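Side chains are part of it too, since the values below use all heavy atoms of this structure and drop only hydrogens, waters and symmetry mates. Nothing here was measured: the structure is a model prediction, and the numbers come from that model. Whatever order the structure lists ligands and atoms in, that order sets their numbers, starting from 1.
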Amino acid sequence: MQLPSLDSILPFEPGILSVALLLSCVAVFVYRWKPARYLPAQSSVRDTSISEKNKLKEREWGEWPPVTFSYPPVTPTSNPVNLKPIPYRPFRWGAYHVTMGIRDMPWDEWIETDYQMQSYYYIKKHRIATRGTNVVQILPDRPGVVKSASQGAIELVHELADYLSKRYPDAFTVSRNASGDISSVAIIPVNAKLDIPPALATQGSLKLRQVSIEEAEHAMKVSALLVQDDLALMVEGTDGRYYFQGGAICVPGFWRMRDKIGLPLEDIHIQGHVPQYETRLHNSMDRYFKRMPVEKPIIRNNYFFQVIPPEDIRHPLNAAAQSSAKPIIENDSTVDPEELAWSTTTNGSEETFNHGHPITPDVRPTVAAENLRLRTERQTLRRLPLSGAIVFGIRTYLFPVEELAKEPGIPARMASAMRSWPEDVRKYKGNGLYEKVMLEYLDKAAKEQLEVGGEELMKDTGKGYPF
Ligand code: HEM
Ligand SMILES: *[C@@H]1O[C@H](CO)[C@@H](O)[C@H](O)[C@H]1NC(C)=O
Ligand SMILES: *[C@@H]1O[C@H](CO)[C@@H](O)[C@H](O)[C@H]1NC(C)=O
Ligand SMILES: *[C@@H]1O[C@H](CO)[C@@H](O)[C@H](O)[C@H]1NC(C)=O
């Protein structure tokens with residue numbers, strides 16, 4: 001849990017500041033005695049007015065009064081087709097600690113995209129076409145429990161289209177109507193133009209329109225195709241918990257949207273046997289979500305290892321994960337030879353998947369350095385101002401272990417991190433499958449680096465977490 005920083009309250013005048021602090025103390029008091037109240041973070045209010053803030057403070061769980069907010073100016077960056085995937089290496093020397101591990105998200109960096117955007121686009125398009133509501137779904141209202149994510153889905157696609165056209169102007173362009181609302185978005189590198197449903201509210205208005213599930217699911221599909229991320233929409237329930245009410249989960253690797261949709265966050269994590277969730281994460285996550293302000297998006301990173309099909313049975317001709325070429329024959333293994341979407345080689349068939357039960361023990365896959373991948377996620381969380389839904393973006397990167405082993409200091413650090421996993425973490429990360437091959441390979445690579453590069457490399461912490 002991060003504390004509100006001082007600079008975030010500086011825009012207030014000192015007099016107001018002390019009143020605000022006093023009010024917050026009262027708010028804390030109220031919060032302790034009446035848990036069904038909202039405790040706002042004492043963050044700065046970019047556009048949200050004091051009266052809007054008060055409305056947020058007084059709201060009942062599950063009610064979100066739309067607030068005014070405009071996305072801070074976005075700095076344009078290069079054409080994604082010239083950008084490499086960002087080399088996240090989010091493992092540390094020595095001890096492994098289970099924590100929320102969150103940090104502030106710079107507004108410019110909501111969505112990261114790179115030259116692999118085309119292959120992700122084809123993979124997602126194929127997934128949507130072949131799996132339908134198993135990969136894109138919006139749940140309806142559950143009266144008395146939690147609302148639909150349908151409004152959030154419309155708000156999200158408008159926010160994404162607007163942001164992407166400003167951040168990556170060479171790859172995304174939008175068409176607007178006379179009122180300035182976005183009506184379609186073009187993804188230039190794949191030569192696609194996607195229509196998007198009308199905005200949730202016209203520019204400058206806080207009056208939200210009704211949205212059907214069909215429209216919302218269409219919006220969600222467009223969002224899925226625009227970015228490399230998977231997207232989950234979390235909606236606050238009348239019990240103050242956050243429910244996974246909709247999303248586009250096209251490339252999750254080793255969990256299925258159908259098993260998790262509709263569940264509150266705690267059930268998702270408990271059911272997934274996330275190590276130390278109940279002891280180390282549950283309370284801080286619960287508090288975090290309830291208080292999460294519109295103005296403070298965050299990021300966290302994680303990592304796993306994945307065994308993919310051996311080289312001779314991958315489809316090199318159509319190595320979609322490596323190239324921008326659209327495969328000629330479209331099936332799961334030609335579109336997605338590296339199993340970004342689903343880890344069949346590691347976890348067995350997606351259809352018969354049974355959590356935590358590895359594939360039949362006698363069909364253990366061939367494991368060699370060549371077919372090992374670092375699977376690492378960059379997760380972002382942002383609360384949308386109009387619907388109040390929280391968007392969880394999960395951007396997955398797959399890096400070949402053979403490539404990582406060439407980077408100075410990396411093999412030694414990776415081996416050290418693996419050796420420091422507590423038992424429950426080892427099990428969760430499926431270590432049994434690859435540990436022996438991986439550690440032998442990394443140790444050998446580290447030893448070679450030591451001979452050439454010397455001791456310092458063996459303590460290398462890179463450019464600091466998560467690199
Ligand atoms: C600050 C917010 C969150 C924290 C700190 C958190 C923490 C974690 C941790 C520690 C894991 C184990 C893998 C890893 O190290 O990442 C995990 C897995 C997972 N989390 Fe979260 N999580 C957060 C938000 C969410 C949200 C919003 C969703 C919504 C869908 C979600 C869904 C999942 C799923 C599906 C898994 C995989 C579980 C499995 O193995 O079946 N998490 N989470
Ligand atoms: C522009 O689109 C919005 C919905 O996105 C709609 O409410 C508004 O009336 C449209 N304006 C014009 C001038 O067509
Ligand atoms: C996909 O197509 C390729 C090329 O025709 C074929 O070799 C492979 O068996 C097919 N895979 C699946 C899962 O259908
Ligand atoms: C995936 O497979 C590995 C290795 O077989 C196993 O240890 C792990 O529990 C599986 N993951 C899930 C989520 O079932």
Side-chain angles (χ1 to χ4, degrees), residues 1-2 90-91 96-103 130 230-235 242-247 249 252-257 259-277 280-289 292 297-307 309 313-315 317-318 327-337 342-350 353-361 363-365 367 375-382 389-394 396 421 424-435:
M1 188 60 220
Q2 55 183 50
F91 32 80
Y96 185 97
H97 297 290
V98 176
T99 61
M100 279 186 40
I102 60 175
R103 57 189 193 279
T130 55
D230 275 342
L231 300 159
L233 288 169
M234 310 301 297
V235 182
Y242 278 75
Y243 289 77
F244 177 24
Q245 282 295 82
I249 307 293
F254 60 96
W255 63 279
R256 305 183 305 185
M257 186 166 75
D259 299 327
K260 313 276 185 182
I261 193 150
L263 297 180
L265 266 179
E266 57 195 9
D267 294 357
I268 291 175
H269 290 93
I270 292 168
Q271 193 198 73
H273 308 290
V274 170
Q276 304 174 35
Y277 174 77
R280 301 212 167 229
L281 296 172
H282 178 257
N283 289 337
S284 38
M285 279 176 64
D286 197 47
R287 215 168 29 236
Y288 182 80
F289 275 80
M292 184 179 189
I298 52 138
I299 320 187
R300 71 183 286 272
N301 296 70
N302 69 14
Y303 69 97
F304 307 91
F305 295 104
Q306 186 175 340
V307 182
I313 64 166
R314 291 202 292 270
H315 287 272
L317 195 72
N318 290 319
I328 302 144
I329 298 148
E330 292 185 41
N331 67 30
D332 289 2
S333 53
T334 55
V335 176
D336 183 16
W342 185 259
S343 58
T344 308
T345 303
T346 301
N347 292 95
S349 152
E350 184 175 2
F353 176 67
N354 185 354
H355 195 287
H357 296 266
I359 36 180
T360 349
V363 284
R364 286 174 73 86
V367 183
R375 184 181 181 102
T376 174
E377 298 174 349
R378 172 192 187 260
Q379 306 176 337
T380 53
L381 280 166
R382 204 199 135 188
I390 293 180
V391 186
F392 184 46
I394 310 153
T396 301
W421 291 344
D424 51 358
V425 172
R426 293 176 75 206
K427 194 157 168 271
Y428 183 74
K429 294 202 194 270
N431 72 306
L433 198 58
Y434 53 78
E435 190 168 66

Which residue and heavy atom of the protein sit nearest atom 21 (Fe) of ligand 1, plus the separation | His269 NE2, 2.0 Å
Of all the heavy atoms in Phe353, does at least one lie under 4.0 Å from an atom in ligand 4?
-> yes
For ligand 3, is Ile329 a contact, meaning one of its heavy atoms is under 4.0 Å away?
-> yes
Electrostatic pair Lys427-Asp424, nearest N-O below 4.0 angstrom = no
Say whether Arg300 and ligand 1 are in contact under the criterion: heavy-atom distance to a ligand atom below 4.0 Å.
-> yes
When the aromatic ring centroids of Tyr96 and Phe91 are compared, is their separation below 6.0 Å?
-> no
Closer than 4.0 Å: a protein non-hydrogen atom to atom 9 (O) of ligand 3 = no
Given Phe254, Tyr242, Phe289, Phe304, which one has a non-hydrogen atom that is nearest to atom 2 (C) of ligand 1?
-> Phe289
Honestly, for Leu381 the part within reach of ligand 1 (heavy atoms, under 4.0 Å) is side chain
Honestly, for Leu281 the part within reach of ligand 1 (heavy atoms, under 4.0 Å) is side chain
Structural part of Tyr428 in contact with ligand 1, heavy atom criterion under 4.0 angstrom | side chain
Ligand-side contact atoms (ligand 3) for residue partner Thr334, heavy atom cut-off under 4.0 Å | 1 (C), 2 (O), 3 (C)
Could you pull out, from Thr344, Asn331, Ile313, the option with a heavy atom nearest to atom 11 (N) of ligand 3?
-> Asn331
Check: of Ser333, Pro327, Pro337, min heavy-atom distance to atom 13 (C) of ligand 3 comes from Ser333
Answer side chain, backbone, both or neither: which part of Met285 comes under 4.0 Å from ligand 1, heavy atoms only.
-> side chain
